[in-house]
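Heavy atoms only: backbone and side chains are in, while hydrogens, waters and symmetry mates are out.
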Amino acid sequence: MDIKDSPLRIHLVLHSDNEGWIIEKIAIRLREQLSQLGVAVSLSREQRNDVDINHWMSYAFANVHHHTRATMQITHIDDPYKARLIKGELQQGVDMGICMSSDSVERLVHLGAPREKLCYVLPAHDGLVKSRRICIGITTNLYTDGRKRESFLLRLAKDINLDVFRFQIFGSGWDHIVSQLRSTGATVEFYPGSDDYQTDYACILSHIPEFDYYLYMGMDEG
């Protein structure tokens, strides 16, 4: 699509100091995704005069005279000089500063930047990391006197949804607890054990590296 024929024309300004690393990657992703939305997108080191918006990939280089509407990406506000630069740019021609968190917005507002010219967009990722359940490991037998205080888990199952948790439970007597945990959305892998304690112990050892947390609720041994 020719940029002159698009209903919206955006130019990404990527200074040479930002090439070859994270900011360039963000610029390339923006160009890819905006193009899929029907926006005409161009990318170069200098701003253009024949577009609707020049978007500066780094606020550090947006302190220039602007010929069009202008926006800028804001990162790493870690000293007063940077905050003063951003405040001045927003007052002198940049229409919107796009931060990466609400915290950055509030920090800049606290330092005197105009709130109406600030927003934030949480940074995306490449989708390689998939969310998974938190693995809770339990390795104990239960007894009729309740000494392992498994009632805490029953109370927990009544109070909250456990669908973000995965339990690995090793030991006898957990059958009724397991059913309650599963009823509230938890995934439970139950290993009740056998008559061969050495095989059971080896099984426990092989699973311990999968635990995110080890849970023991008993009060014995202090």
- Item | Same apolar cluster (I L V M F W Y, side chains within < 4.5 Å links), Leu215/Leu154 | yes
- Item | Nearest-0.5 Å distance, OG of residue Ser101 to CD of residue Glu106 | 9.5 Å
- When every non-hydrogen atom of Leu118 is compared with those of Cys99, the smallest separation belongs to CD2-SG, 4.4 Å
- Message: With salt bridge (Lys or Arg N to Asp or Glu O under 4.0 Å) as the criterion, how do Asp95 and Arg69 come out once you've worked through the C-alpha distance, each side chain's angles and the decisive distance to 0.1 Å?
- Response: CA-CA 6 Å; Asp95 297 282; Arg69 286 190 292 174; 5.9 Å; no
- Query: Below 4.5 Å, heavy atoms only, C-beta onward: do Arg45 and Leu14 meet side chain to side chain?
  - Reply: no
- Task: Test the Arg147-Tyr143 pair against the cation-pi criterion, namely NZ or CZ under 6.0 angstrom from the six-membered ring centroid and within 45° of the ring axis.
- Result: yes
- Is Ile86 linked to Val109 within one hydrophobic cluster, defined over Ile, Leu, Val, Met, Phe, Trp and Tyr using a side-chain heavy-atom separation of less than 4.5 Å? yes
- How long is the gap from NE2 on His11 to CZ on Arg9, to the nearest 0.5 Å? 12.5 Å
- Does a side-chain N-to-carboxylate-O contact under 4.0 Å join Asp126 and Lys25? yes
- Would you call Val64 and Gln47 a side-chain contact if the rule is heavy atoms closer than 4.5 Å? yes
- Mutual orientation of the aromatic rings belonging to Phe167 and Phe165 [parallel < 30°, tilted 30-60°, perpendicular > 60°]: tilted
- Distance in Å, Ile10 CD1 paired with Leu8 CG, rounded so as to fall on 0.5 Å steps: 4.5 Å
- For residues Ile160 and Thr184, determine if any side-chain heavy atom of one lies less than 4.5 Å from a side-chain heavy atom of the other. no
- Note on the structure: Minimal heavy-atom distance between Ile23 and Ser58, with the atoms involved, is CD1-CB, 4.4 Å
- Quick one: are Phe61 and Met72 in side-chain contact, heavy atoms under 4.5 Å? no
- Task: Inspect the contact between Asp163 and Arg182 and indicate whether a charged nitrogen and a carboxylate oxygen are less than 4.0 angstrom apart.
- Result: no
- CG/Leu108 to OH/Tyr59 distance, rounded to the nearest 0.5 angstrom? 9.0 Å
- Query: More than 12 non-hydrogen atoms from neighbouring residues, nucleotides or ligands closer than 6.0 Å to OH on Tyr214, yes or no?
  - Reply: yes
- Leu153 side chain near Ile138 side chain, heavy-atom distance below 4.5 Å: yes
- Parallel, tilted or perpendicular, as decided by the 30° and 60° cut-offs, for the rings of His66 and Trp56: perpendicular
- Message: Looking at every heavy atom in both Arg149 and Met217, which two are closest together, and how far apart are they?
- Response: NE-O, 2.6 Å
- Do Met57 and Leu30 come close enough that some side-chain heavy atom pair is under 4.5 Å? yes
- Message: If you count heavy atoms of other groups shown closer than 6.0 angstrom to NE2 of His76, is the number above 12?
- Response: no
- Query: Is any side-chain heavy atom of Leu162 less than 4.5 Å from a side-chain heavy atom of Leu156?
  - Reply: yes
- Message: Ring-plane angle category for Phe170 and Tyr191, please: parallel below 30°, perpendicular beyond 60°, tilted otherwise.
- Response: parallel
- Query: Do you reckon Met96 sits in the same ILVMFWY cluster as Leu122, going by side-chain contacts under 4.5 Å, direct or chained?
  - Reply: no
- Of Thr140, Val188, Ile136, which meets side-chain contact (heavy atoms from CB on, under 4.5 Å) against Ile169? Val188
- Message: If you apply the rule salt bridge (Lys or Arg N to Asp or Glu O under 4.0 Å), what do you find for Asp212 with Arg132, and how did you get there?
- Response: CA-CA 11 Å; Asp212 292 310; Arg132 61 177 181 82; 2.9 Å; yes
- For the side-chain contact (heavy atoms from CB on, under 4.5 Å) test, which of Val39, Leu43, Leu37 pairs with Val41? Val39
- Query: Any side-chain heavy atom of Val94 sitting closer than 4.5 Å to one from Lys117?
  - Reply: no
- Task: Starting at OG of Ser183, measure out to CG of Leu181 and round the result to the nearest 0.5 Å.
- Result: 7.5 Å
- Query: Has Asp145 got more than 12 heavy atoms of other residues, nucleotides or ligands less than 6.0 Å from its CG?
  - Reply: yes
- List the atom of Phe190, the atom of Val178, and the distance in Å for their closest heavy-atom pair. CG-CG2, 3.9 Å
- Going from CD on Glu46 to CG on Asn49, what distance comes out if it is rounded to the nearest 0.5 angstrom? 11.0 Å
- Do you know the tightest heavy-atom contact between Leu142 and Gly173? CD1-O, 3.3 Å
- What is the minimum heavy-atom distance between Met100 and Pro123, and which atoms define it? O-CD, 3.4 Å
